[in-house]
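Okay, so here's the structure we're looking at.
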Amino acid sequence: MKIIMLGAPGAGKGTQAEMISEKYGLPHVSTGDIFRANIKNGTELGKEAKKYMDAGQLVPDELTVKILLDRVAQDDCKNGYVLDGFPRTIPQAEVLDKALTELGDKVDYAINVDVPDENIINRMSGRRACVTCGATYHVVYAPTKVEGICDKCGSELILRDDDKPETVKNRLEVYHKQTQPLIEYYDKKGVLKEVDGTVDMNEVFNSIVSILA
Ligand code: ADP
Ligand code: ADP
Ligand code: ZN
């Protein structure tokens with residue numbers, strides 16, 4: 001099963017992708033996590049990506065597409081995956097489709113987690129991220145057992161540089177311009193599913209499970 005998570009920054013794509021990953025045994029592939037791991041390790045890719053991420057802009061398609069195609073070519077992705085944060089532009093979606101078509105394959109579901117802009121700033125300022133394992137928390141809606149420490153791996157959590165309100169505003173603009181058109185793109189392909197992302201995260205997950213079941 002190949003699943004794409006669509007939605008604004010902060011809509012809950014990562015949270016839901018992680019739950020899907022656990023329930024269905026599919027790898028959770030997040031281009032944002034891959035970039036952050038590269039930044040943490042000081043790689044050239046990380047240095048390049050950081051310039052765009054800090055400004056709330058998208059990393060150029062050439063860079064992004066290559067790391068994504070390399071990732072999904074790995075062995076653990078053979079039976080499917082959940083993509084979180086990719087594609088974010090029509091050209092990225094076209095490259096993915098072409099690569100899948102060449103393998104006689106396709107995207108099964110594009111799940112749009114729908115959350116209006118008004119809710120987003122609030123979600124982002126409370127988000128806490130683990131750069132070691134990719135887990136995501138929220139100080140109010142998804143708190144950790146010990147403040148500031150990842151429940152899953154024990155690492156220290158960070159407030160992402162790009163989750164500051166000024167940057168979030170840019171990211172929302174970029175989302176509406178460059179990423180939102182993907183909703184129509186996948187609708188035309190007949191694989192689009194919509195879920196209300198404003199409700200409790202377990203309720204969102206229940207809606208997704210009933211789609212995948
Ligand atoms: P969020 O969880 O808020 O949706 P991500 O972790 O997916 O954010 O992405 C963080 C940043 O990484 C983006 O703002 C962008 O700069 C970069 N990025 C991640 N995925 C992509 C992509 N598919 N194309 C271009 N840039 C990306
Ligand atoms: P995305 O990957 O789309 O950027 P995340 O999954 O990182 O979004 O979620 C953004 C923030 O909102 C995180 O702090 C997360 O814990 C929180 N969150 C996710 N889903 C919900 C929800 N349904 N209700 C309230 N908060 C949520
Ligand atoms: Zn962790």
Side-chain angles (χ1 to χ4, degrees), residues 4-20 28-39 45-46 48-69 71 82-93 95-96 111-115 119-144 148-163 167-168 170-175 178-179 182 195-208:
I4 288 173
M5 303 306 294
L6 296 175
K13 301 180 297 297
T15 301
Q16 296 302 323
E18 196 50 41
M19 292 164 98
I20 296 170
H28 170 192
V29 175
S30 156
T31 38
D33 283 350
I34 296 173
F35 289 138
R36 281 185 290 279
N38 275 274
I39 292 172
L45 170 67
E48 189 60 23
K50 188 174 185 341
K51 292 190 250 171
Y52 299 95
M53 292 169 76
D54 284 350
Q57 301 295 324
L58 295 183
V59 177
D61 286 343
E62 306 81 71
L63 279 180
T64 309
V65 158
K66 189 180 175 313
I67 61 150
L68 188 275
L69 292 181
R71 177 64 189 92
V82 190
L83 294 188
D84 158 21
F86 186 99
R88 261 185 159 94
T89 64
I90 299 274
Q92 288 182 12
V95 170
L96 177 65
I111 301 173
N112 183 41
V113 183
D114 188 28
V115 174
N119 302 29
I120 297 291
I121 302 269
N122 187 16
R123 286 218 184 161
M124 301 303 237
S125 56
R127 169 154 70 179
R128 297 293 179 271
C130 175
V131 184
T132 304
C133 78
T136 300
Y137 303 91
H138 191 283
V139 290
V140 179
Y141 308 122
T144 46
I149 302 295
C150 179
D151 285 349
K152 291 194 180 135
C153 77
S155 299
E156 218 166 293
L157 300 179
I158 59 151
L159 170 57
R160 278 167 47 178
D161 282 341
D162 60 343
D163 279 351
T167 317
V168 171
N170 284 345
R171 291 165 66 198
L172 279 172
E173 272 173 35
V174 167
Y175 167 74
Q178 304 197 60
T179 307
L182 289 173
V195 296
D196 177 3
T198 62
V199 296
D200 177 89
M201 51 190 84
N202 293 309
E203 273 180 64
V204 180
F205 187 57
N206 287 340
S207 315
I208 293 177

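Whatever order the structure lists ligands and atoms in, that order sets their numbers, starting from 1. Just so it is clear, the structure is predicted and the values come from calculations on it, not from any experiment. All values below come from the heavy atoms of this structure, side chains included, with hydrogens, waters and symmetry mates left out.
- Shortest contact from atom 22 (C) of ligand 1 to any protein heavy atom: Thr64 CG2, 3.4 Å.
- No side-chain heavy atom of Glu203 sits less than 4.5 Å from a side-chain heavy atom of Asp196.
- For ligand 2, the atoms sitting less than 4.0 Å from at least one non-hydrogen atom of Gly14 are 1 (P), 2 (O), 6 (O), numbered in the order shown with element in parentheses.
- Proximity to Lys13 (heavy-atom distance under 4.0 Å) selects the following atoms of ligand 1: 4 (O).
- Closest to atom 13 (C) of ligand 2 by heavy atom, among Asp33, Thr136, Asn122, is Thr136.
- The distance criterion of under 3.5 Å between nitrogen or oxygen atoms is not met by Met124 with respect to ligand 2.
- From the protein, the heavy atom lying nearest to atom 18 (N) of ligand 1 is Phe35 CE1, 3.7 Å.
- Considering backbone and side-chain atoms alike, Gln92 places an N or O below 3.5 Å from some N or O of ligand 1.
- For atom 20 (N) of ligand 1, the closest heavy atom belonging to the protein is Thr31 OG1, 2.8 Å.
- Closest approach of Met53 to Ile39, counting heavy atoms only: SD-CD1, 3.9 Å.
- At least one heavy atom of Arg127 sits under 4.0 Å from some atom of ligand 1.
- Under a 4.0 Å criterion applied to the non-hydrogen atoms of Ala8, ligand 2 contributes the atoms 3 (O).
- Nearest heavy atoms, Asn122 versus Ser125: O-OG, 3.2 Å.
- Here the shortest heavy-atom pairing between Asp84 and Gly14 reads OD2-CA, 3.2 Å.
- What sits closest to atom 10 (C) of ligand 1 on the protein, heavy atoms only, is Arg160 NH2, 3.4 Å.
- Of all atoms in ligand 2, listed by their number and element, those nearer than 4.0 Å to a heavy atom of Asp200 are 23 (N).
- For the pair Met5/Ile20, a side-chain contact is recorded, criterion being any heavy-atom separation below 4.5 Å from C-beta on.
- For ligand 2, the atoms sitting less than 4.0 Å from at least one non-hydrogen atom of Tyr141 are 25 (C), 26 (N), numbered in the order shown with element in parentheses.
- With respect to Arg171 and Asp163, a salt bridge is recorded, a charged nitrogen being found less than 4.0 Å from a carboxylate O.
- In terms of protein heavy atoms, atom 4 (O) of ligand 2 is closest to Gly10 N, 2.7 Å.
- Among all protein heavy atoms, the one lying closest to atom 16 (O) of ligand 1 is Gln57 O, 2.6 Å.
- Where the criterion is an N or O separation shorter than 3.5 Å, residue side chain and backbone included, Ala11 meets it with respect to ligand 2.
- When only non-hydrogen protein atoms are considered, atom 11 (C) of ligand 2 lies nearest to Arg123 O, 3.9 Å.
- Considering backbone and side-chain N/O of Gly12, one or more are found under 3.5 Å from N/O of ligand 2.
- Taking atom 23 (N) of ligand 1 as the reference point, the nearest protein heavy-atom neighbour is Gly85 O, 2.8 Å.
- Close contacts of ligand 2 with Val199, meaning ligand atoms under 4.0 Å from a residue heavy atom, involve 22 (C), 23 (N), 24 (N).
- Ranking protein heavy atoms by distance to atom 19 (C) of ligand 2, first place goes to Thr15 OG1, 3.4 Å.
- Looking at Asp162 next to ligand 1, no N or O pair under 3.5 Å apart turns up.
- For ligand 2, none of its N or O atoms has an N or O atom of Arg128 under 3.5 Å away.
- Backbone and side-chain nitrogen or oxygen atoms of Val59 are examined, and one is located within less than 3.5 angstrom of a nitrogen or oxygen of ligand 1.
- Between the Arg123 side chain and the Gly10 main chain, a donor and an acceptor come within less than 3.5 Å of each other.
- Using a 4.5 Å cut-off on side-chain heavy atoms (C-beta onward), Thr64 and Phe35 make contact.
- Not a single heavy atom of Gly7 sits closer than 4.0 Å to an atom of ligand 2.
- Checking Thr198 against Asn119 by side-chain atom types alone, no donor-acceptor pair falls below 3.5 Å.
- Contact of the Val115 side chain with the Ile120 side chain is registered, since non-hydrogen atoms from C-beta on lie closer than 4.5 Å.
- Regarding atom 14 (O) of ligand 1, its nearest protein heavy-atom neighbour is Arg171 NE, 3.8 Å.
- Close approach to Pro9 involves these atoms of ligand 1, each under 4.0 Å from a residue heavy atom: 3 (O), 4 (O).
- When all heavy atoms of Ser30 and Arg36 are compared, the pair lying nearest together is OG-NH2, 4.4 Å.
- At the top of the distance list for atom 7 (O) of ligand 1, counting protein heavy atoms only, stands Arg88 NH1, 3.0 Å.
- Close approach to Arg36 involves these atoms of ligand 1, each under 4.0 Å from a residue heavy atom: 6 (O), 10 (C).
- Every atom of ligand 2 with a heavy atom of Gly197 under 4.0 Å away is listed here by number and element: 23 (N).
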